[in-house]
Amino acid sequence: MGVFDSGLGGLSVLRALHARVPQADLTYVADSGHAPYGEREGEFIVSRSLAICDFLVKRHVDAIVVACNTATAAAIHLLRQAHPGLPIIGVEPGVKPAVAQSINKRIGVLATPSTLASEKYKRLIESHGQGAMIVPQACPGLAKEIEAGRLDTPALKDLVERFAQPLREAHVDTVVLGCTHYPFVAPLFQKALGPDVTVMDTSGAVAQHTARLCAHRHASPSNWGVDHKFAGKIHLFSSGDPQHLADVARHWLGLQGSVSPLP
C-alpha cells in the first residue's frame, strides 16, 4: 500500500495501517519539500498529488491512501480518474462520528484554512452536520510547526492554546482533528480544551477501511503483501530531508524503515 501526505502528518495514518495489517509492504511519501499543502494553491496541490500517485503506481502498490485532508479535498477526484482501477482512499474531518458522539451537539473542527474553504468540506457539513452547531477553527501555521519534529516547543504550545480558546468559548464537547498532522499534538489540545472534551482522530477508521478494500481485491487476504520483495517492510521517501522523516518516524512512532529521497 502507498500512503502520502504533504509532510509528516500522514505518519499517523501509516502507524494505524501498520498496526492493522503488519504483514503489508507500506510505502510512505512525505512531500516535505513543498509542505504544508494547507497554505498552497489548489492547482499546486493537484499537480503534486498526481505526481506522487504516479510514483506510487510505478511501485505497484495495492492501494493509495491520500493521508492529507487538504490533498483529499483538492485532488482525490482527479486521482481516481487518473487511476480508475486502483483503490484511492482519502481522509476527511470526522464530522459524522463526532455528531453521533456529542452530547450537547457542539462540535469543533480543527483544520487547515484550505480544508475549511473547500467544497468537499462544505458538502461534508451539509451531509453530516445537521442538528449540530459546527465551530470551524482554522489553524494556520500549526502543521508547519509540527513538521519541525519537536512537539514541546513554546511556539507550538502557543498555537495550540490560540486555536483551542475559541472552541472553549463555544462550549464544544467534541473536537475533530481535521488534519493528519494534528494527532501528534492531541495531548496538547486535550490539555488546552479540558478533560470534558472528547478529541477525535480518524486515522484508525481510515486504516480499517483501507484494509477492508484491499482484502476484497485479494483471494487470500491473510497473504496479501507477503509475496512482494520487501514484504512487511516500510519504505520512506521524502522530497525534503529523508533523514528527518526517518528520525521522526522512529522517535514518534517507533517505526523503522528504509529511507530515500523522492526522485
Side-chain angles (χ1 to χ4, degrees), residues 1-14 16-18 21 24-92 112 114-115 118-120 143 147 179-181 203 206-207 209-211 213-214 216-218 224-225 227-246 249 255 257-263:
M1 286 181 282
V3 181
F4 81 90
D5 180 36
S6 64
L8 305 177
L11 289 172
S12 61
V13 176
L14 185 76
L17 277 170
H18 184 61
V21 197
D25 182 15
L26 300 173
T27 298
Y28 182 82
V29 175
D31 198 16
S32 295
H34 303 97
Y37 283 177
E39 296 165 36
R40 292 279 194 172
E41 295 295 325
E43 289 184 5
F44 181 87
I45 297 167
V46 168
S47 175
R48 292 303 303 163
S49 298
L50 287 168
I52 292 169
C53 271
D54 287 345
F55 169 77
L56 290 170
V57 167
K58 289 176 182 177
R59 289 182 61 84
H60 307 291
V61 297
D62 306 276
I64 293 175
V65 180
V66 185
C68 173
N69 295 73
T70 301
T72 296
I76 197 165
H77 60 295
L78 297 173
L79 301 180
R80 288 168 174 162
Q81 289 176 15
H83 304 284
L86 185 69
I88 299 180
I89 301 94
V91 295
E92 63 184 19
T112 66
S114 180
T115 293
S118 69
E119 288 300 319
K120 188 174 179 63
E147 280 286 313
C179 171
T180 53
H181 282 76
S203 59
V206 171
H209 179 58
T210 303
L213 284 178
C214 287
H216 287 316
R217 286 169 56 84
H218 295 265
W224 58 267
D227 58 340
H228 293 304
K229 185 177 179 181
F230 299 106
K233 298 296 180 69
I234 296 173
H235 304 273
L236 305 172
F237 292 86
S238 176
S239 62
D241 179 1
Q243 192 57 51
H244 180 59
L245 172 62
L255 296 179
S258 64
V259 57
S260 305
L262 184 66

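For the numbers below, each heavy atom of this structure counts, side chains included, while hydrogens, waters and symmetry mates do not. Numbering starts at 1 and runs along the sequence shown.
Of all heavy-atom pairs between A16 and S203, the closest is CB-O, 3.6 Å. The nearest pair of heavy atoms linking L255 to H18 is CD2-CD2, 3.6 Å. Minimum heavy-atom separation, I45 to A74: CG2-CB, 3.9 Å. In terms of heavy atoms, T180 sits closest to N69 at N-OD1, 3.4 Å. Nearest approach of L262 to S239, heavy atoms of both residues: CB-N, 3.8 Å. Across all non-hydrogen atoms, the minimal contact from P87 to G85 is CD-O, 4.0 Å.
S49 places a side-chain heavy atom less than 4.5 Å from the side chain of L79. Side-chain contact check for L11 versus Y28: some heavy-atom pair is nearer than 4.5 Å. When side chains are defined from C-beta on, L26 does not count as touching V21, because their heavy atoms never get closer than 4.5 Å. D5 is listed as a side-chain neighbour of H181, based on a closest heavy-atom distance under 4.5 Å. When side chains are defined from C-beta on, I64 counts as touching V57, because their heavy atoms get closer than 4.5 Å.
S47 contributes no side-chain N or O that, together with a main-chain N or O of E43, makes up a donor-acceptor pair within less than 3.5 Å. Judged by distance alone, with hydrogens and angles left aside, the side-chain atoms of R40 form a donor-acceptor pair with the main-chain N or O of H34 at under 3.5 Å. The backbone N or O of S114 sits nowhere less than 3.5 Å from a side-chain atom of Y37 that would complete a donor-acceptor pair. S238 places no side-chain N or O within donor-acceptor distance of the main-chain N or O of P261, the cut-off being under 3.5 Å. Looking only at distances, a side-chain donor or acceptor of T72 sits under 3.5 Å from a matching main-chain atom of V91. Checked by atom type and distance alone, the side chain of H244 pairs as donor or acceptor with a backbone atom of E147 at under 3.5 Å.
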- Would you please test E92 and T115 for side chain to side chain contact (heavy atoms under 4.5 Å, CB included) and show each step? CA-CA 9 Å; E92 63 184 19; T115 293; over 6 Å; no

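For the atom pair CG of L236 and OG of S258, the computed distance is 6.5 Å after rounding to the nearest 0.5 Å. A distance of 9.5 Å separates SG in C214 from NE2 in H209, rounded to the nearest 0.5 Å. Here the CE atom belonging to M1 is positioned 5.0 Å from the CG atom belonging to L17, to the nearest 0.5 angstrom.
Taking the six-membered ring for Trp and the full ring otherwise, the centers of F237 and F55 sit less than 6.0 Å from each other.
Results of the side-chain contact (heavy atoms from CB on, under 4.5 Å) test with H83 over L56, L78, D54 single out D54 as the only residue that passes.
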